[in-house]
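So the structure is just underneath, and the comments pick up after that.
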Amino acid sequence: MFSAPSFTDLSILVRPGLVLDWSLLKIGLIAFLLYHLASAIYFVRFHPLSRHPGPKLAAASNIPYLRAQIQGRLPQWIKEQHDRFGSDVVRIRPGGLSFIGDTAWKDMFTQRYGSKQFKKDSLIYGKAPDGVDSVLTANDADHARMRGLIAHAFSEKALKSQEPIIQSYVDLLINGLKMEADRTPGGRVDMVKWLSWVTFDIMGDLSMGKTFHSLTDQEFHPWVSFMSGMFKTIVFVATLRQLKIPRLLMPLFLPKDLYFKRMSHLRSVSEHVDQRIAENPDRPDFLSYILKHNDEKGMTIPELKANASLFIGAGSFSTATVLCGAIFYLSKTPSALQAATEEVRKSFPNKKAISVDRVARLTYLSAVIKESHRMYPAALAGSPHLVPDEGAIISGRWVPGGTGVMINQWAANQSTLNFTLPNQFVPERWLGDPRFKDDRIDAFQPYSVGPRNCIGKKFGPPSSLEP
Ligand code: HEM
């Protein structure tokens, strides 16, 4: 006969016939707490990273890091830790360090330790749901194979031949801006919208032969929202991975609309790349250069799709971000706006004379772009990597093999350890102004360094002043 369970006899009836011993549950709980307490003490006091400064809670547990990551404020949180401890290295996770010093980039991304380089940390770099790698996530051998092929699409010669496509969208942008400024009170326009439209249209066209028609329709194509959903998904997936949620179960934990957007983006890329290959038009976009050199050692169709997805995402949001930063800071800094305007007006007798080559030679405008990269960096994931087994020296400190290391660009660019007046927009700092002679300029690497740096840097906002 079934009767209500009594909690006083230390046993609980889970379902008729199955009695769970309450004391066993208590012992399990205590063991669990003791295990976590002991491991927290180990990580804070005895772990090889314990000599590095950083918040105790972050040394004991991943929670502060994951919390900042899921809230979308990882760059700010990391900067706060560097400021608080006054150090160019801080421990931000039980097994991870953040560096912002000027030699860290070279130490991490251009050196070999034994025969090995730093490996990308699967913390953030994950394969697409179909398990195929792009050049960004590929292992070293596949990376070399893909990058060699992709390099054809990003050469000087290719950029020259793609210029008419880029110019046609810039013309649409300028005409559209003029028309909207004429019909709105005070000539006000939403530049974030327009700069996003132009970068998405250009990258869609160059990556897959697909234009989003944003500039002509003057509205966001639904695909743009799929892509922003995909970026948010990457952060969610990275968090789930750190919580050790198995890959197969991840869709259960992802917000449904994000999962839908990510899958819609990947499906659309796949359809358009198939269509682009079938039609094979003779136009100088990225795919034509890749397909021309794609032999049996080249890329498979799924790899071409994974890379097309990367180009369109990596090329559009990043460029739009930095351009928005440039417009924002120019509008807040009248002296810089005036100097940039005068330079442009003096350099070009008419709009036909404007070309990628000549724009890149404008010294003041280049300094404006560079300062915008510093103030408004576009790549904020911090390029997390793992130290090779042999261990490595980063910024003059020994770091054991297997440690997770990263450089967050916002934290590096905004630190008083690296820059004078770090939170002020001063293009003159790149033009020899003596106030900034002590700036540690090698700490600033918007396109990263080494063999896995940004292959599209020539397509980003042009700057003759190489970082
Ligand atoms: C403001 C503009 C841009 C910035 C700041 C930027 C920044 C970066 C950074 C920091 C990386 C290294 C990522 C990592 O190690 O995790 C990277 C890689 C990459 N970027 Fe860009 N990027 C920009 C524009 C572009 C454009 C226009 C394209 C072209 C489609 C592009 C394509 C790529 C590709 C394919 C990679 C992977 C390279 C490899 O792994 O070998 N980027 N970018």
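We count ligands from 1, going down the list as the structure has it; atoms in each ligand are counted the same way.
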With a 4.0 Å cut-off on heavy atoms, is [X] touching ligand 1?
| X | answer |
| --- | --- |
| Phe154 | yes |
| Lys457 | no |
| Met146 | no |

Please report whether the ring centroid of Phe154 lies less than 6.0 Å from that of Phe311.
yes
Do the ring centers of His373 and Trp430 come within less than 6.0 Å of each other?
no
Is it true that Asp140 and Arg452 have a side-chain N and a carboxylate O under 4.0 angstrom from each other?
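Arg452 and Asp140: salt-bridged.
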State whether Asp257 and Lys232 are salt-bridged, where the test is any N-O pair (Lys NZ or Arg NE/NH1/NH2 against Asp/Glu carboxylate O) under 4.0 Å.
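Salt bridge: no.
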Show which atoms of ligand 1 fall inside a sub-4.0 Å distance from at least one heavy-atom site of [X].
| X | answer |
| --- | --- |
| Leu310 | 35 (C) |
| Ser383 | 14 (C), 15 (O), 16 (O) |
| Val322 | 1 (C) |
| Val135 | 40 (O), 41 (O) |
| Ile455 | 34 (C), 35 (C) |
| Met203 | 27 (C), 30 (C) |
| Ala379 | 10 (C) |
| Lys120 | 15 (O) |

Parallel, tilted or perpendicular: which fits the ring planes of [X] and [Y], with parallel below 30° and perpendicular above 60°?
| X | Y | value |
| --- | --- | --- |
| Tyr329 | Phe425 | parallel |
| His221 | Trp223 | tilted |
| Phe419 | Phe444 | perpendicular |

Going by the 4.0 angstrom heavy-atom rule, the piece of Pro446 near ligand 1 is backbone
side-chain hydrogen bond (donor to acceptor under 3.5 Å, both in side chains) between Glu428 and Tyr364, worked out:
CA-CA 8 Å; Glu428 287 72 13; Tyr364 195 82; 2.8 Å; yes
If you measure from [atom] to every heavy atom of [options], which option wins on shortest distance?
| atom | options | answer |
| --- | --- | --- |
| atom 2 (C) of ligand 1 | Ser318, Ser372, Gly315 | Ser318 |
| atom 32 (C) of ligand 1 | Ala314, Gly313, Ser448 | Ala314 |
| atom 31 (C) of ligand 1 | Gly456, Ser207, Ala153 | Gly456 |

Return the CD to CD distance between Gln76 and Gln414, rounded to the nearest 0.5 Å.
10.0 Å
Check whether any side-chain N or O of Ser316 sits under 3.5 Å from a backbone N or O of Ile312 as a donor-acceptor pair, and report yes or no.
yes
Could an N or O of ligand 1 be found under 3.5 Å from any N or O of [X], whether backbone or side chain?
| X | answer |
| --- | --- |
| His143 | yes |
| Arg147 | yes |
| Tyr125 | yes |

Any cation-pi pair here, Lys292 with Tyr289, using under 6.0 Å and within 45°?
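Yes, cation above the ring, under 6.0 Å and within 45°.
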